[in-house]
Amino acid sequence: MRPILLPDPPSLSTGVPEIFEQGGSQNVVRRAVVIGNGFPGSENQCLGLVRALGLAGNHLLYRVTRPKGGINEWLHWLPVGFHKKLDFILRHIYLYSRLMFVGSKQSKYIASENGGSVGLSSILEADVTSIVSMARDTYEKDGPLVVIACGRDTVSIASSIRRLASENVFVVQIQHPRSHLNRFDMVITPRHDYYPLSLEAQEQVPRFMRSWITPREPPQDHVVLTTGALHGIGYATLRKSASAWHDEFAALPKPLVVVNIGWPRRNCRYGADLAKQLTDALLSVLGSCGSVRIAFSYRTPEKVSRVIFKELGDNPKVFIWNGQEPNPYMGHLAWGDAFVVTADSVSLISEACSTGKPVYVIGADHCQWKIADFHKSLRERGVVRPFTGFGDMSESWSYPPLNDTAEAAMRVRRALAARGWTLRS
C-alpha cells in the first residue's frame, strides 16, 4: 500500500490543530481523529472509514508507538503502556551503567526513545490528555469529535478518551478489543473474530482452556460485523486510479492478471513451498493470460520472493514490481482483470473483492482457526475461488463487491443520529 502521509504537527500559536479552527454547530460532526499503530493494514482501515464518513479532508492521524530496537523486539506481547515504562527503566539503567563504567562521553550516543533518531519524533504521539483537552475545549466552537482507532495497542488510548470525554466524542474501535466492549461507542470487527464461539471452534479447544479464548460472549448491539477488513477502495478511487495509471496499463495485453503476495502469519503459515506451488500454477495458466504483474508486501519473506524471481523473473509475460516508488497497487486494482492473492492477508483479499472482478486465493489450506473461517465465508458467497492452475484466466465471473466500509459508515451515521449528532454534508 502507499505510505501514509502524516499531517503537519498542530499549530503552536493556538494550541489547536489548524483543521479544527472552524466554526460550527455543536450537533454537527465535521472532524475526526485517527489513532493508528504504525501498521498500514490497521491504519488504512481507519482512513477508509474516515473517507466513507466524508471527513477525509478534516482529520488528524496520531500513533501509538512502541520502543524499538534491541530487546524491545521481543517485548511486543506486553501492553504498550507497560512496555514503555519498562523501556524507560532499562534505558536509564543502561545510561547509569555507562556513566559509571565507561564515562559520559560515549553515553550521549544512546538512541532516543521510539526511534527518534530515525525521524519518528515528528509523528503525533497519541496522548490521551491532549486529545481529551482538544475535544472538550473546542466542542462549543467546532462540535463533536469522532475518534477512530484500530489495533491492539490503541485500545487503552481510545477507551480512555471515551471515559474522560464521553459527552464530546464518539469512539469507534476497529478490530475486536478482546474485552470490555462497553468502553467504546462502537466496535467494528470481522465476523470471523467470533469464530471461537462456534461449536466447530469449541471442539478444537480443550475444555480447561476455553475460558481463556476471546471473545467469550456474542456481539452486543453496538458491535458491527463485517465480512472482511475495512479499506478506502471504492468506485470513485478505482476510477481515479484508472486515469492516473492509464499510460502504464492501458496498452498491456489482456487479460491482466495481478498477483498480490503477503506474508506468513500465526494462523496461516507457509514458506517456499507455497511460492513454488504459486509459480507452477501461474506457469500452467500463462497461456490464457495476456500479462501478469506480481507485487510483494513489505513483509514478504525473502525465501518466498526468491522463488518467484527465480521461476518467473525472465518470463516476458511477467512483470515483478521491485518495491520502488511509485507503488502500482492502486493501478493494479483499477486495471487488473483478475486477481490471485495469498490466503494470509484479510486486507489484500478484502480490497481485491471490492472490485467485483474474479479473485482467486492460493494457500487457504495453510490457514486455520478464524482465518480459515474467513475463507469459508467468502467461498460460500461466491466471492473467491481457489487458484489451482487448471482454470482459464480469461473467464470472466462476477459477484456483488464487498462493501463493508460503506455499510460500517452507515451504522456510524445512525449511531450519531441517535445521539442527536449529524455528519457534515
Side-chain angles (χ1 to χ4, degrees), residues 26-27 29 31-37 42-43 45-46 48-50 52-53 55 62 64 77-82 126-136 139 143-198 201-202 205 209-227 229-230 370 404-405 407-423:
Q26 294 180 23
N27 295 327
V29 178
R31 57 200 183 133
V33 158
V34 169
I35 302 176
N37 59 3
S42 296
E43 294 183 353
Q45 295 196 58
C46 297
L49 182 58
V50 166
L53 292 173
L55 300 173
Y62 290 82
V64 179
W77 56 274
L78 292 172
V80 64
F82 182 77
D127 177 71
V128 172
T129 302
S130 62
I131 296 174
V132 167
S133 297
M134 177 179 63
R136 288 174 174 170
Y139 178 75
L145 178 66
V146 171
V147 178
I148 303 174
C150 184
R152 178 171 63 94
D153 286 348
T154 69
V155 168
S156 61
I157 298 288
S159 61
S160 296
I161 292 171
R162 181 179 182 267
R163 176 173 55 85
L164 296 171
S166 59
E167 296 182 357
N168 313 111
V169 300
F170 185 88
V171 178
V172 179
Q173 184 69 36
I174 301 175
Q175 295 183 350
H176 201 288
R178 301 303 164 208
S179 63
H180 303 295
L181 273 65
N182 59 343
R183 294 179 178 176
F184 308 93
D185 294 297
M186 181 172 289
V187 173
I188 302 174
T189 192
R191 189 169 284 102
H192 59 256
D193 271 354
Y194 281 88
Y195 173 73
L197 295 179
S198 68
Q202 292 289 310
V205 180
M209 291 184 61
R210 290 178 185 174
S211 62
W212 294 86
I213 304 297
T214 58
R216 301 185 182 91
E217 54 187 34
Q220 302 166 21
D221 292 341
H222 71 303
V223 176
V224 177
L225 299 181
T226 64
T227 300
L230 303 189
K370 64 180 183 179
D404 286 327
T405 309
E407 293 170 3
M410 185 180 301
R411 289 287 300 272
V412 173
R413 290 175 183 272
R414 290 176 184 169
L416 290 173
R419 293 182 61 168
W421 296 349
T422 59
L423 279 163

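Here the structure is a predicted model, which means the values were calculated and not measured. For the numbers below, each heavy atom of this structure counts, side chains included, while hydrogens, waters and symmetry mates do not.
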What do the steps show when you test Ile148 against Leu53 for side chain to side chain contact (heavy atoms under 4.5 Å, CB included), and what is the final call? CA-CA 11 Å; Ile148 303 174; Leu53 292 173; 4.1 Å; yes
Test log, rule side chain to side chain contact (heavy atoms under 4.5 Å, CB included), inputs Thr189 and Leu225: CA-CA 5 Å; Thr189 192; Leu225 299 181; 3.9 Å; yes
Does Leu423 form a side chain to side chain contact (heavy atoms under 4.5 Å, CB included) with Leu55? I'd like the steps, not just the answer. CA-CA 9 Å; Leu423 279 163; Leu55 300 173; 4.0 Å; yes
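A search for salt bridge (charged side-chain N to carboxylate O under 4.0 Å, His left out) contacts involving Asp193 returns Lys370, not counting sequence neighbours. In this structure, Arg216 has no salt bridge (charged side-chain N to carboxylate O under 4.0 Å, His left out) partners at least two apart in sequence or on a different chain. In this view, Ser159 and Arg183, Phe184 satisfy the side-chain contact (heavy atoms from CB on, under 4.5 Å) rule, not counting sequence neighbours. Remark: Arg413 pairs with no residue by the salt bridge (charged side-chain N to carboxylate O under 4.0 Å, His left out) rule, at least two apart or across chains.
Taking 4.5 Å as the limit, every side-chain heavy atom of Thr422 sits out of range of all side-chain heavy atoms of Val29.
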Please tabulate, for side-chain N and O atoms in residues 414-421, each donor-acceptor pair with protein atoms closer than 3.5 Å (sequence neighbours left out).
unit_1	atom_1	unit_2	atom_2	d
Arg419	NH1	Val169	O	3.2
Arg419	NH1	Asp185	OD1	3.4
Arg419	NH2	Ser166	O	2.8

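Between Val187 and Pro177, the shortest heavy-atom distance links the atoms CG1-CD, 3.8 Å. For Val34 against Cys46, the heavy-atom pair with the smallest separation is CG1-CB, 3.5 Å. The two residues Asn168 and Ala135 make their nearest non-hydrogen contact at CB-O, 3.8 Å. The minimum heavy-atom distance between Ile188 and Leu49, with the atom names listed, is CD1-CD2, 3.9 Å. Considering all non-hydrogen atoms of both residues, Thr227 and Arg191 come closest at OG1-NH1, 3.9 Å.
Annotation: ring pair (Phe, Tyr, Trp, His ring centres under 6.0 Å) contacts involving residues 159-183, sequence neighbours excluded, comprise His176-Tyr194.
Heavy-atom neighbours of Glu167 CD from other residues, nucleotides or ligands within 6.0 Å: at or below the threshold of 12.
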